[in-house]
Amino acid sequence: MKGFWSCLLLCCCLVSSAIANAASVVFLNPGRSDEPFWVSYAQFMQAAAADLDMDLQILFAERDKERMLQQAREVLLGPTRPDYLMFVNEQYAGPEILRLSRSSGVKLFSVNSTLTPDQQALVGGTREQYPDWIGSMVPNDEEAGYLMARSLLAQQQHLNAGRPFELVAFSGDKQTPAAKRREKGLHRALAAYPQARLRQLVYAEWNRQRAHAQAQQLFVRYPKVEVVWSANDEMAFGAMAAATALGRKPGQDLHFSALNNSPEVLRAYLDGQVSALVSGHFTLGGWALVLLHDYDAGLDFAKHGGKDREVRLFMALDKKKAIRLLTHVEQRGYKINFKSYSLLHAPKQRDYKFSLQPLLD
């Protein structure tokens, strides 16, 4: 009992300290400022920061690696530096961002795509050669690719009564770890459906226009394709537009997967144009702020689940879940008490419990 009260007293002290000294955070957002996914990602982070009393600044790199590195230089080498910098290993820029951080006094945390095993073999992992790189959190990207593919392939197998069928695939940026992991999930699902024949996988760089141009060629080259796996929603819409122009009917004679949470893709799923939809990772930045909030108050997340973690945020949606998520996204009101997910404010919890479920209940 004495130990319990001591722990409770410590947490109360930590909470008081956290309120008195709001942590400042800069997030290097690799996406475009008009890109639905990265905008929704930023909005969820802003909701979390407001609830956790954190000072958050978000810088959009507009899908430009050099611009992102310049932003990192200004943040890490400038006269006014934040307490924390959150970054994505987009186009494998992570090692250069870490190099810029040396002696800056800024703590770093990687989200969504952390350094690859090959990169870490050269520069070390978190809290090693760069001790101020305190942690990382990524979603279950491989499972996302697998969930989309498994749903699509199972549906098509049922429709074809076991007959062979063809598919094409649209992946993201070849220089982004998340894209490679989603591809790995696709291939894992394909191994379980030998009647599915992957004709070609192309890299559309997460871009609707690029996917549209590629799809115009692919659907002519492979006129018997019945299934289209897409690693995000923008590429799916580009491919769908190309298919429609060629007289195909998405959701009827051509079945698409998509991933993300834009109102457009949620409605397309509810309308039947998208046959398999996975979502969840737009919440990751907000959950990462919970970890930084606790760390800043002296409660190290490394002791409660580890400094590097993969969180099962991706979920395959059904119609009911899609309707609930659409309501939250359209209203931009998440109505989440982020402090209730903090171990600082919920000392009885032993580990963090992050998921998409709060937006689906």
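- Geometric assessment of R63 against the ring of F37 yields a negative cation-pi assignment under the 6.0 Å and 45° thresholds.
- Across R188, H187, R181, a single residue satisfies side-chain hydrogen bond (donor to acceptor under 3.5 Å, both in side chains) together with E142, and that is R188.
- Of the inter-residue distances, the one linking L98 atom CG with D132 atom CG reads 10.0 Å to the nearest 0.5 angstrom.
- For the residue pair H255 / Q156, a side-chain donor-acceptor distance below 3.5 Å is found, with atom types taken as modelled.
- Taking the charged nitrogens against the carboxylate oxygens, R199 and E166 do have a contact shorter than 4.0 Å, which makes a salt bridge.
- There is no side-chain donor-acceptor pair under 3.5 Å between E66 and Q70.
- Proximity of the aromatic rings of F338 and F44 is defined here by a centroid distance below 6.0 angstrom, and this criterion is met.
- S262 and D233 are linked by a side-chain donor-acceptor pair at a separation below 3.5 angstrom, with hydrogens and angles left out of the test.
- Annotation: W287 is in aromatic contact with Y341 [ring centroid separation under 6.0 Å].
- Centroid-to-centroid, the aromatic rings of F27 and F109 stay 6.0 Å apart or farther.
- No side-chain N or O of E234 forms a donor-acceptor pair with one of N260 less than 3.5 Å apart.
- A cation-pi contact, defined as under 6.0 Å to the ring centre and within 45° of the axis, is absent between K307 and F301.
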